[in-house]
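The basis for the numbers below is simple: all heavy atoms, side chains too, and nothing from hydrogens, waters or symmetry mates.
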There are 2 protein chains.
Amino acid sequence: MRKALPDPQIEARRRQPVPETVDPAIEALVHDIIGKVADKWTMLILEALHEHGTLRFTQLGKVVGRISQKMLTQTVRQMEKDGLVRRTVHPVIPPHVDYTLTPLGESLGAAFCGVWIWAETHHAEIEQARASFAEREAATSSITAGD
Amino acid sequence: MRKALPDPQIEARRRQPVPETVDPAIEALVHDIIGKVADKWTMLILEALHEHGTLRFTQLGKVVGRISQKMLTQTVRQMEKDGLVRRTVHPVIPPHVDYTLTPLGESLGAAFCGVWIWAETHHAEIEQARASFAEREAATSSITAGD
DNA sequence: TCCTACACTCTCCTTTTGGTGCGTATAAAT
DNA sequence: ATTTATACGCACCAAAAGGAGAGTGTAGGA
């Protein structure tokens, strides 16, 4: 079994520079935003508020699921800073605070809708892919080209 | 300045249970998937491959930006497990491996498209929201209702 | 009178994430 | 003969994420 056959197609691609299509400045900016928004808790809270409208602290925690108070507070505060949620404090004595999405937050929620739908649609395929990967792993790892 | 005024509207909402609209089993499943997919590096790699089609290891790293080899390998392997990318090893001697999205990965990339567009559209608003939050923080924190 | 509810904050601790640098095999270029 | 290029794996370390539990202040219910 030969290993180092020349293969002109591979050689051709060998020293190709990275193809660039978009302005790197905008890329960097968008990457930064994605880095901040693409967080598990942010997405989960976003969806909770998108679904239920207005929720208070404890309710929000229950809807999100397994989130600690610490993370809930932290994430929600960051989202407030970013202008995604509005936090309203009612000055009563067992405290009452509620959270709702701003128009900006709503628009992000709408944008993520596609991802939620994707997840609902394709979760079976992911599980199947994992199973078949585990199977292949037992035999040979990954795919060897042209063989 | 009174603090504990009764406010019947607040009282009415006080003991309301969490409103439930969807099947908790599906929710849990989708939350799990989101938890895995809503990762900065996953999203960035997804977009890189969605934009450029097929890339080899080093190229992919450059397109993504500030990612270490370790993270790149790790994330790309997880994505392979989840059936999002196909990894092709060419058995030549300076090694040559390239990565491309599977149809499943492509569909997720398409779903995330909305989020990229959102980020491109609204990044100015986020920055503005942060600025005005910082300003308000200097005076009073958050919003006090009915005042 | 004691307990509970609410929306936190604070501290301590463990787990995860992520970075850096080193090694590797070998063909081709210098 | 030495260097370079590729796509990593491995070991070690720093930093960040995240959880657990205690405390807080007080109105209203038991």
Stepwise side-chain contact (heavy atoms from CB on, under 4.5 Å) check, B:V63 with B:L49: CA-CA 9 Å; B:V63 171; B:L49 292 176; over 6 Å; no
B:R87 vs D:dA7: side-chain N/O to OP1/OP2 distance below 4.0 Å: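 Checking B:R87 against D:dA7: no side-chain N or O falls below 4.0 Å of OP1 or OP2.
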A:T73 side chain near C:dC8 phosphate (N/O to OP1/OP2, under 4.0 Å):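 So the side-chain polar atoms of A:T73 never come under 4.0 Å of the phosphate oxygens OP1 or OP2 of C:dC8.
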Could you please name the option among [options] that lies closest to any side-chain atom of [X]?
| X | options | value |
| --- | --- | --- |
| A:R56 | C:dT26, C:dA7, D:dC8 | C:dA7 |
| A:P94 | D:dA27, D:dA7, C:dC8 | D:dA27 |
| A:F57 | D:dC8, C:dC6, C:dC8 | C:dC8 |

Partners passing side-chain contact (heavy atoms from CB on, under 4.5 Å) against B:T121 (at least two apart in sequence or in another chain):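 By the side-chain contact (heavy atoms from CB on, under 4.5 Å) rule, B:T121 matches B:I117.
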Under the side-chain contact (heavy atoms from CB on, under 4.5 Å) test, residues paired with A:Q69 that sit two or more places apart: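 Applying side-chain contact (heavy atoms from CB on, under 4.5 Å) to A:Q69 gives A:F57.
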In whole angstroms, how far is the [atom2] atom of [N] from the [atom1] atom of [X]?
| X | N | atom1 | atom2 | value |
| --- | --- | --- | --- | --- |
| B:I45 | D:dA7 | CD1 | P | 14 Å |
| A:L72 | D:dA20 | CG | C1' | 16 Å |
| B:L55 | D:dA7 | CG | P | 11 Å |
| B:I93 | C:dA28 | CD1 | C1' | 12 Å |
| B:H90 | C:dA27 | NE2 | P | 19 Å |

Nucleotides 13-20 of chain C: protein proximity per nucleotide (B base, S sugar-phosphate only, - neither; heavy atom, under 4.0 Å): -----BBB
Which residues pass the side chain to side chain donor-acceptor pair (under 3.5 Å) test with [X], not counting sequence neighbours?
| X | value |
| --- | --- |
| B:E47 | none |
| A:Q128 | none |
| B:T100 | B:T54 |

Please tabulate, one pair per line, each protein N/O and nucleotide N/O from nucleotides 2-4 of chain C that are separated by under 3.5 Å, including the distance.
none

Counterpart residues, ring-ring contact (aromatic ring centres under 6.0 Å, His included), relative to A:W41 (two or more places apart):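 Not a single residue meets the ring-ring contact (aromatic ring centres under 6.0 Å, His included) criterion with A:W41.
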Contacts of A:H122 that satisfy ring-ring contact (aromatic ring centres under 6.0 Å, His included) - sequence neighbours left out: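 A:H122 satisfies ring-ring contact (aromatic ring centres under 6.0 Å, His included) with A:W118 only.
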Contact check, side chains of A:M79 and A:R87, non-hydrogen atoms, under 4.5 Å: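 A side-chain contact is absent here, since even the closest heavy-atom pair is not under 4.5 Å.
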